There are 2 protein chains.
Amino acid sequence: MTTSEAPKFRRYSAEDRAQMLVQAGLACLATGGITAFTIDNICRRAEASRGLIAHHFGGKDGLLAAVYEAAYQPMLATLRPGGEPLPLGVLLDAMFDAESHSPENLRIWLALWGEVAVNPDLRAAHRRNYGLYRNTVELAIEAHCFVRGLRIDAGALATTVIGLIDGLWLEQCIDPEGFDAASARAACKGLLEPLLGPLEVGDGA
Amino acid sequence: MTTSEAPKFRRYSAEDRAQMLVQAGLACLATGGITAFTIDNICRRAEASRGLIAHHFGGKDGLLAAVYEAAYQPMLATLRPGGEPLPLGVLLDAMFDAESHSPENLRIWLALWGEVAVNPDLRAAHRRNYGLYRNTVELAIEAHCFVRGLRIDAGALATTVIGLIDGLWLEQCIDPEGFDAASARAACKGLLEPLLGPLEVGDGA
DNA sequence: CACCTTACTATACGTTTGTTCAACAAGGTC
DNA sequence: GACCTTGTTGAACAAACGTATAGTAAGGTG
């Protein structure tokens with residue numbers, strides 16, 4: 001009887017709403033690839049109206065850039081938790097952990113890669129993040145080789161190792177059957193250990 | 001003055017026209033990824049009218065399936081020219097030849113992979129072709145190991161090697177700078193030789 | 001030259017795309 | 001409780017999407 005009415009929508013802070021849209025965008029990529037990354041899909045999933053993406057990101061492209069950043073961030077955070085790179089064995093284990101190897105995550109990356117290869121704006125963002133990624137791996141390899149007295153071009157090997165890991169990701173992603181995170185990790189170590197010596201989790205010192 | 005008029009269009013055989021459309025489709029994928037794979041784009045590039053894709057392939061999906069097959073065929077043909085698999089060293093060289101590593105070809109694959117991960121029909125086609133691909137590599141590894149008396153799980157290693165090669169492709173594709181086919185081949189061999197012994201082109205016997 | 005098969009064109013159609021924008025209202029501030 | 005900032009909505013819009021289809025004509029066959 002009173003004038004109290006249920007609010008027609010909830011008002012979030014700009015950052016909160018932005019993150020909700022980014023999460024919805026990631027979910028769309030995971031479900032249907034870049035083709036499913038549409039204003040309608042994303043806003044439906046985020047339970048928001050169609051105008052919001054333009055309001056918070058200036059348009060679809062702005063959201064895609066934010067989505068790309070959001071996809072990279074957890075990986076970088078995992079690889080150097082305190083800013084300091086991990087020992088190589090630990091680093092590899094982190095790269096093959098269950099979450100980053102989830103089918104959803106892999107499909108997201110595949111969709112993003114396809115766009116990076118074709119979209120100059122995304123490529124700029126990629127170059128920056130990939131540089132950090134590669135640098136982290138290179139430092140870990142360098143430290144590993146220094147301790148063991150191995151003379152190896154850490155820069156070139158870093159690129160190769162990243163390629164190997166991403167390639168194993170890729171196979172697993174394209175057809176998830178017959179290959180899982182544990183197999184991928186074993187395969188990776190099997191290829192690296194003849195070159196680098198044993199890569200145990202506890203090889204810190 | 002005679003009745004002779006220039007023909008309004010050229011009539012091709014069904015197979016010829018189909019191949020023209022497939023080629024145009026590949027070109028679209030190479031240029032703009034899966035987003036650019038549209039009826040308008042493809043037909044404009046093939047200099048054909050918009051109805052032709054439906055006529056020859058039943059629709060866009062039919063063309064995409066044909067494009068996928070067309071992308072796989074030259075690779076399989078390269079890897080076992082006469083039906084017989086090549087020696088491992090030669091096989092790896094073939095995998096890193098200039099043409100298959102062209103930026104266009106890499107972008108095509110990236111676009112197709114993104115779809116395979118999400119499209120059940122394409123996945124079925126992928127599973128079949130990938131099986132042939134993997135089998136070829138496995139046989140080459142098996143033969144290599146047999147000759148050298150190495151005891152290695154050729155099946156698992158085949159998957160790993162394919163992952164490595166595709167991963168190196170991937171890096172090169174996403175950002176073509178600072179990495180070329182020759183570097184990729186060197187990186188691949190550098191990782192495999194500690195495990196498998198020297199992989200020379202002329203290691204046939 | 002007449003005929004016939006079928007590759008082909010071109011239009012129309014309904015749907016979905018991304019963007020724009022005026023109006024609305026949620027929720028903190030006074 | 002009045003006010004104001006601004007996050008939010010929903011409709012309107014043109015462009016682009018894929019498909020269906022009726023009609024056209026190229027080019028081989030007799």
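By convention in this document, chain letters (A, B, ...) are assigned in the order of the sequence lines, proteins followed by strands, and residues within each chain are numbered from 1. In this text, all values refer to a predicted model and were calculated from it rather than measured experimentally.
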Got a sec, which residues hit side-chain contact (heavy atoms from CB on, under 4.5 Å) with A/Tyr12, two or more places apart in sequence or on another chain?
A/Arg10, A/Asp16, A/Arg17, A/Met20
Tell me every residue that passes side-chain contact (heavy atoms from CB on, under 4.5 Å) with B/Ala65, counting only those two or more places apart in sequence or in another chain.
none
Considering only distance and modelled atom types, tabulate donor-acceptor pairs under 3.5 Å from the side chains of residues 164-174 of chain A, sequence neighbours left out.
{"from": "A/Trp169", "atom 1": "NE1", "to": "A/His101", "atom 2": "ND1", "distance (Å)": "3.1"}
{"from": "A/Trp169", "atom 1": "NE1", "to": "A/His101", "atom 2": "NE2", "distance (Å)": "3.1"}
{"from": "A/Glu171", "atom 1": "OE1", "to": "B/Gly163", "atom 2": "N", "distance (Å)": "3.0"}
{"from": "A/Glu171", "atom 1": "OE2", "to": "B/Tyr130", "atom 2": "OH", "distance (Å)": "2.0"}
{"from": "A/Gln172", "atom 1": "OE1", "to": "A/His101", "atom 2": "NE2", "distance (Å)": "3.4"}

Distance under 4.0 Å to a non-hydrogen atom of chain B counts as contact; along DNA chain D, which nucleotides mark the start and end?
D/dC17 to D/dG27
Within residues 24-43 of chain B or reaching into it, pairs that qualify as side chain to side chain donor-acceptor pair (under 3.5 Å) - sequence neighbours excluded
B/Thr31-B/Arg45, B/Asp40-B/Arg50, B/Asn41-B/Arg44
Residue set satisfying salt bridge (charged side-chain N to carboxylate O under 4.0 Å, His left out) with A/Glu138, at least two apart, ordered chain then number -> A/Arg134
side-chain contact (heavy atoms from CB on, under 4.5 Å) against B/His55, all qualifying residues, sequence neighbours excluded:
B/Leu52
Please list, by residue number, the residues of residues 39-65 of chain A whose heavy atoms come closer than 4.0 Å to an atom of DNA chain C; answer none if no residue qualifies.
A/Ile39, A/Asp40, A/Arg50, A/Ala54, A/Gly59, A/Lys60
At what angle, to 10 degrees, do the two end axes of the helix from C/dC1-D/dG30 to C/dC30-D/dG1 meet, given five pairs define each axis?
0°
Each nucleotide in nucleotides 25-30 of chain C should get exactly one letter: B, S or -. Can you fill that in based on protein heavy atoms under 4.0 Å?
BBS---
Going by side-chain contact (heavy atoms from CB on, under 4.5 Å), name the residues that satisfy it together with A/Ala66, two or more places apart in sequence or in a different chain.
A/Val22, A/Phe57
What pairs meet the side chain to side chain donor-acceptor pair (under 3.5 Å) rule with one or both residues in residues 63-77 of chain B, with sequence neighbours excluded?
B/Tyr68-B/His126, B/Glu69-B/Arg128, B/Glu69-B/Asn129
